[in-house]
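Just so it is clear, the model here is predicted, and its values are computed rather than measured. Count residues from 1 along the sequence.
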Amino acid sequence: MKAIPIQNNIGLPKYKQIINAIEKAIESQDLKKDDKLPSINKICLPYNLSRDTALQAYDDLKKRGIIYAIPGKGYYVKSVEISIKQKIFLLFDELNIFKEDIYNSFLKNIGKNVQVDIFFHHFNVQVFQKLINDSNGNYTKYIIMPTNLINVAAIIKTLPVNDVIILDQTNDELKSFPAIYQNHKKDIFEGLYKGKTRLNKYKKFIMIFPGFREPLGMKIGFENYCTEYAIDYEIISEFTDNEITIGGVYIIPNDRDLVSVIEKARQQNLKLGTDFGIISYNETSLKKVVSNGITTISTDFTTMGKLLAQMVLTGKKEQIENKSALIIRNSL
């Protein structure tokens with residue numbers, strides 16, 4: 001492909017004309033994989049275009065994975081799959097059933113002609129930074145789940161500012177970015193308040209809060225509720241050799257701790273919902289049936305994935321708080 005035709009006054013931006021011309025050349029097989037594209041100067045000089053116009057077109061194609069650049073040599077065809085209109089970088093903290101629900105809902109609602117590449121940082125800042133650095137400039141959208149990692153705002157801000165969406169947890173350093181997020185501090189406070197009638201029979205509230213993966217807002221919201229209503233409470237970092245406190249209610253963000261508490265109750269021959277109570281965090285189908293039903297405070301992860309897809313498709317720049325609910329079952 002030696003030249004790219006550009007027309008004036010046809011109602012189509014010139015950078016999009018460049019994109020369309022390259023896509024048509026690939027479609028007609030005039031351009032094949034690894035073929036070299038016209039240089040920026042060869043595009044601009046015949047039509048007196050600014051370099052920014054040509055660079056914008058090439059940058060769009062690069063983000064979609066259609067072309068790639070070799071510094072000092074030029075641009076080349078990377079893929080002939082021109083149907084891909086959006087290429088999305090999706091960075092989760094870890095794979096679990098909640099993230100799977102978000103992911104599946106997002107894929108269901110994002111539509112066709114979209115490529116979604118999913119990565120995991122596993123709460124490791126070095127892994128987080130490497131994945132961000134390696135992806136920078138190669139995607140049309142960057143969906144980032146920063147969780148409670150420290151000092152990652154500066155890393156995120158190296159990405160194209162208009163292409164970033166924050167997911168699940170946000171903070172003041174990231175308030176300039178659109179987000180779909182949980183308000184854990186508010187959610188746990190309101191969840192406990194809605195369950196107040198049943199919670200009144202318990203003498204002590206115990207939160208098991210390891211604090212490594214769990215959002216700090218959960219702990220703050222729990223403390224605020226117990227302080228406001230003068231409730232005797234305790235926060236422990238782990239549940240290993242502990243005895244179940246009779247007359248206590250356990251607020252458990254981590255499902256591993258949930259299993260440990262249920263197992264210990266069986267060893268002590270205690271009846272859940274009578275001798276002690278449990279409120280778990282994050283709804284799963286299994287919690288509907290385990291021990292005749294586990295009460296949960298949970299956001300709607302399917303809705304979160306749907307809202308995320310809508311934000312990508314519409315380009316809206318909002319910060320949307322995903323709703324949470326208390327689901328009362330026999331464990332309370």
Side-chain angles (χ1 to χ4, degrees), residues 59-69 78-79 81 83-171 173-174 176-182 184 212-215 254-255 282 284 299 301-313 315 317 319-320 322:
D59 188 51
D60 183 279
L61 291 166
K62 184 171 177 282
K63 288 177 177 179
R64 288 166 53 196
I66 295 173
I67 70 173
Y68 66 99
K78 182 177 182 180
S79 171
E81 191 57 62
S83 63
I84 301 298
K85 300 302 180 185
Q86 292 232 48
K87 190 180 174 193
I88 297 172
F89 174 83
L90 183 59
L91 181 56
F92 279 1
D93 47 19
E94 63 181 354
L95 180 61
N96 55 37
I97 192 167
F98 322 123
K99 309 300 162 44
E100 190 175 342
D101 286 345
I102 297 172
Y103 180 67
N104 288 336
S105 176
F106 179 67
L107 290 184
K108 179 181 177 181
N109 289 281
I110 196 63
K112 298 179 180 179
N113 304 327
V114 177
Q115 177 182 323
V116 180
D117 294 342
I118 186 169
F119 303 87
F120 302 93
H121 59 71
H122 302 289
F123 303 91
N124 185 307
V125 174
Q126 287 74 33
V127 172
F128 184 94
Q129 183 166 19
K130 185 177 189 309
L131 289 170
I132 295 284
N133 290 345
D134 291 349
S135 72
N136 201 340
N138 296 325
Y139 292 87
T140 58
K141 281 286 182 289
Y142 301 85
I143 299 168
I144 311 293
M145 191 177 282
T147 61
N148 54 4
L149 291 176
I150 305 299
N151 299 325
V152 296
I155 300 171
I156 294 172
K157 288 176 181 178
T158 63
L159 295 168
V161 65
N162 293 320
D163 298 335
V164 175
I165 299 173
I166 302 299
L167 183 63
D168 195 41
Q169 293 186 57
T170 189
N171 55 57
E173 289 185 305
L174 298 172
S176 61
F177 295 107
I180 312 289
Y181 68 97
Q182 297 186 64
H184 294 95
F212 174 57
R213 292 178 170 85
E214 295 74 20
N254 190 302
D255 284 353
N282 294 328
T284 67
T299 196
F301 294 103
T302 300
T303 297
M304 184 176 280
K306 183 178 180 180
L307 289 172
L308 180 62
Q310 290 172 352
M311 184 171 284
V312 171
L313 294 171
K317 306 293 183 183
Q319 291 204 331
I320 300 174
N322 207 51

Separation of I143 CD1 from F106 CZ (nearest 0.5 Å): 3.5 Å
If the condition is side chain to side chain contact (heavy atoms under 4.5 Å, CB included), which residues does Q310 pass it with, not counting sequence neighbours? K306, L307
Side chains of R64 and K85: does their closest heavy-atom pair fall under 4.5 Å? yes
Kindly write out the residues that satisfy salt bridge (charged side-chain N to carboxylate O under 4.0 Å, His left out) with K130, not counting sequence neighbours, or none if the list is empty. D134
Spell out, as yes or no, whether a donor-acceptor pair under 3.5 Å connects the side chain of K317 to the backbone of N162. yes
Could you measure the distance from the NZ atom of K62 to the NZ atom of K78? Nearest 0.5 Å is fine. 8.0 Å
Working to the nearest 0.5 angstrom, can you tell me the gap between I166 CD1 and I180 CD1? 11.0 Å
Between L167 and I102, is any pair of side-chain heavy atoms under 4.5 Å apart? yes
Nearest heavy-atom approach of I132 to S135 is O-OG, 3.0 Å
Can you see which heavy atom on M304 is nearest to which on N322, and at what distance? CB-ND2, 3.7 Å
So, using side chain to side chain contact (heavy atoms under 4.5 Å, CB included) as the criterion, who are the partners of N254 when residues are at least two apart? E214, R256, D257
How close do P215 and Q169 get, counting heavy atoms only, and between which atoms? CG-NE2, 3.4 Å
Hey, is the main chain of T158 close enough, under 3.5 Å, to the side chain of N136 for a donor-acceptor pair? yes
Approximate separation, where rounding is to 0.5 Å, of Y139 OH and L90 CG: 10.0 Å
I'd like to check L131 versus F89 (side-chain heavy atoms, cut-off strictly below 4.5 Å). Are they in contact? yes
Among pairs that include at least one residue of residues 140-154, which meet side-chain hydrogen bond (donor to acceptor under 3.5 Å, both in side chains), considering only residues two or more places apart or in two chains? Q86-T140
Heavy-atom nearest pair, A153 first then E173, reads CB-CB, 3.7 Å
T299 vs F98, side-chain contact (heavy atoms from CB on, under 4.5 Å): CA-CA, chis, key distance, verdict: CA-CA 10 Å; T299 196; F98 322 123; over 6 Å; no
Measure the OG-CG distance between S105 and L308 for me, rounded to the nearest 0.5 Å. 8.5 Å
If a pair satisfies salt bridge (charged side-chain N to carboxylate O under 4.0 Å, His left out) and one of its residues is in residues 97-107, list it, with sequence neighbours excluded. D93-K99
On the 0 to 90° scale, with breaks at 30° and 60°, tag the F128-H121 ring pair as parallel, tilted or perpendicular. perpendicular
If I take atom CD1 from residue I156 and atom CD1 from residue I144, how far apart are they, to the nearest 0.5 angstrom? 6.0 Å
Minimum side-chain heavy-atom gap M311-I165 below 4.5 Å: yes
Can you sort out the partners of E81 under salt bridge (charged side-chain N to carboxylate O under 4.0 Å, His left out), two or more places apart, ordered by chain and number? none
If you look at every heavy atom in L174 and P146, which pair is closest and at what distance? CD1-CG, 3.9 Å
Between the side chain of E94 and the main-chain N/O of F120, is any donor-acceptor distance below 3.5 Å? no
Is there a side-chain contact between F301 and N282, using heavy atoms and a 4.5 Å cut-off? yes
Side chain proximity check, V125 to I150, heavy atoms < 4.5 angstrom: no
